[in-house]
Amino acid sequence: MRIGELARRTGITERALRYYEEQGLLRPERRPSGYRVYGDADVAAVRRIRILLAAGLSTAQITQVLPCMLDDDGLLAPLCPELVSALVEHRAKIDEAIDELAATRANLDVIISAEARPT
DNA sequence: ATTCTAACA
DNA sequence: TGTTAGTA
């Protein structure tokens with residue numbers, strides 16, 4: 001199938017699909033015309049990519065992580081133990097980000113509650 | 001009608 | 001990422 005059909009079947013824009021290829025996440029074949037040709041397996045591949053992106057992984061990390069992931073019809077499970085620890089570390093990063101945002105929100109609250117009263 | 005690359009009021 | 005221009 002060409003990019004248009006893959007886009008329809010995955011709900012991902014053609015733009016994003018081409019971007020995934022640039023990042024090495026997909027390696028579609030090329031017709032002599034230059035058109036990309038994807039296989040049925042790519043539909044599942046895109047879903048896996050979306051799951052990993054939604055988990056906050058960068059495209060570079062996804063490229064390395066995908067090879068040691070088990071895809072039990074939609075449910076991704078980390079195989080390599082190194083990957084598990086890497087994901088746990090990623091989770092810690094998220095916790096840090098949450099803390100920083102909470103601090104930022106607290107600073108904003110101080111400003112909001114200090115609203116000037118009419119004189 | 002579709003897809004491709006490259007580029008950005 | 002959207003979008004658009006100019007092609008094949």
Side-chain angles (χ1 to χ4, degrees):
Chain A
M1 75 186 95
R2 290 175 312 191
I3 197 169
E5 185 179 341
L6 182 62
R8 283 187 294 88
R9 291 172 59 175
T10 61
I12 301 304
T13 64
E14 297 180 10
R15 178 74 166 78
L17 256 17
R18 296 191 183 101
Y19 177 68
Y20 294 164
E21 181 182 9
E22 276 183 23
Q23 301 306 300
L25 272 39
L26 294 176
R27 341 266 325 181
E29 295 174 19
R30 293 288 188 134
R31 315 199 69 171
S33 60
Y35 287 12
R36 276 165 263 250
V37 177
Y38 301 88
D40 295 318
D42 290 316
V43 175
V46 171
R47 289 179 180 146
R48 268 176 277 142
I49 292 171
R50 293 305 292 189
I51 291 174
L52 266 8
L53 285 175
L57 298 185
S58 67
T59 54
Q61 295 176 305
I62 293 176
T63 302
Q64 304 180 309
V65 159
L66 274 177
C68 24
M69 293 280 276
L70 172 63
D71 187 340
D72 193 45
D73 49 59
L75 184 60
L76 296 184
L79 292 176
C80 323
E82 327 99 80
L83 175 56
V84 178
S85 57
L87 295 179
V88 171
E89 288 180 38
H90 177 244
R91 188 185 195 291
K93 295 289 187 183
I94 294 177
D95 283 339
E96 288 178 36
I98 289 176
D99 291 341
E100 290 177 10
L101 281 174
T104 298
R105 181 180 57 188
N107 289 331
L108 180 58
D109 285 341
V110 170
I111 297 174
I112 291 175
S113 52
E115 183 169 346
R117 67 181 201 195
T119 56

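The model shown is predicted, which means the values in this text are computed figures rather than measured ones. Chain naming here is simple, since letters A, B, ... match the order of the sequence lines and numbering starts at 1 in each.
- If you take CD1 of Ile3(A) and C1' of dT5(B), they are 12 Å apart, rounded to a whole angstrom.
- The CZ atom of Arg8(A) sits 12 Å away from the C1' atom of dT2(B) (whole-angstrom rounding).
- Arg18(A) has its CZ atom 12 Å from the C1' atom of dT3(C), to the nearest Å.
- Nucleotide dT7(C) forms a pair with no other nucleotide shown, judged by Watson-Crick or G-U wobble geometry with both contacts under 3.5 Å.
- Considering only side-chain atoms of Glu14(A), the nucleotide from dT3(B), dT5(B), dA7(B) that sits closest is dT3(B).
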If you restrict it to nitrogen or oxygen atoms, what contacts under 3.5 Å exist between nucleotides 5-8 of chain C and the protein, and what is each distance?
none

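- At a threshold of 4.0 angstrom between heavy atoms, the contacts of Arg2(A) are confined to the sugar-phosphate backbone, with no base atom among them.
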After noting the C-alpha distance and the side-chain angles of Tyr20(A) and Leu53(A), does the key distance pass the side chain to side chain contact (heavy atoms under 4.5 Å, CB included) rule? CA-CA 11 Å; Tyr20(A) 294 164; Leu53(A) 285 175; 3.5 Å; yes

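- Pairing of dT1(C), defined by two Watson-Crick or G-U wobble distances under 3.5 Å, is not identified with any nucleotide.
- Contact annotation: side chain of Arg36(A) to base of dT3(B), donor-acceptor pair absent below 3.5 Å.
- Across all strands, Arg31(A) comes closer than 4.0 Å to no nucleic acid atom at all (heavy-atom distances).
- Two residues are said to be in side-chain contact when any heavy atoms from C-beta on lie closer than 4.5 Å; Val65(A) and Met69(A) meet this criterion.
- Under the salt bridge (charged side-chain N to carboxylate O under 4.0 Å, His left out) test applied with Arg48(A), the options Asp73(A), Asp72(A), Asp71(A), Asp42(A) reduce to a single match, Asp71(A).
- Relative to the side chain of Thr13(A), the nucleotides dT3(B), dT5(B), dG2(C) differ in distance, and dG2(C) lies closest.
- A salt bridge between Arg30(A) and Glu21(A) is present, with a side-chain N of the basic residue lying under 4.0 Å from a carboxylate O of the acidic one.
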What verdict does the salt bridge (charged side-chain N to carboxylate O under 4.0 Å, His left out) test give for Glu14(A) and Arg18(A), after you've listed the backbone C-alpha separation in whole Å, the side-chain angles of each residue and the deciding distance to 0.1 Å? CA-CA 6 Å; Glu14(A) 297 180 10; Arg18(A) 296 191 183 101; 3.3 Å; yes

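- Salt-bridge annotation for Asp40(A) and Arg9(A): present, with a side-chain N of the basic residue lying under 4.0 Å from a carboxylate O of the acidic one.
- Rounding to whole angstrom units, CZ of residue Arg15(A) and C1' of dT4(C) are separated by 12 Å.
- In this structure, the separation between CG on Leu26(A) and CG on Leu6(A) is 7.0 Å, given to the nearest 0.5 Å.
- Taking atom CG of residue Leu53(A) and atom P of nucleotide dT1(C), one finds them 7 Å apart after rounding to whole Å.
- If you measure from atom CG of Leu17(A) to atom P of dT3(C), you get 16 Å, rounded to the nearest angstrom.
- Pair check for dA1(B) finds none; no Watson-Crick or G-U wobble contact set falls under 3.5 Å.
- With rounding to whole Å, Glu21(A) atom CD is found 15 Å from dT1(C) atom P.
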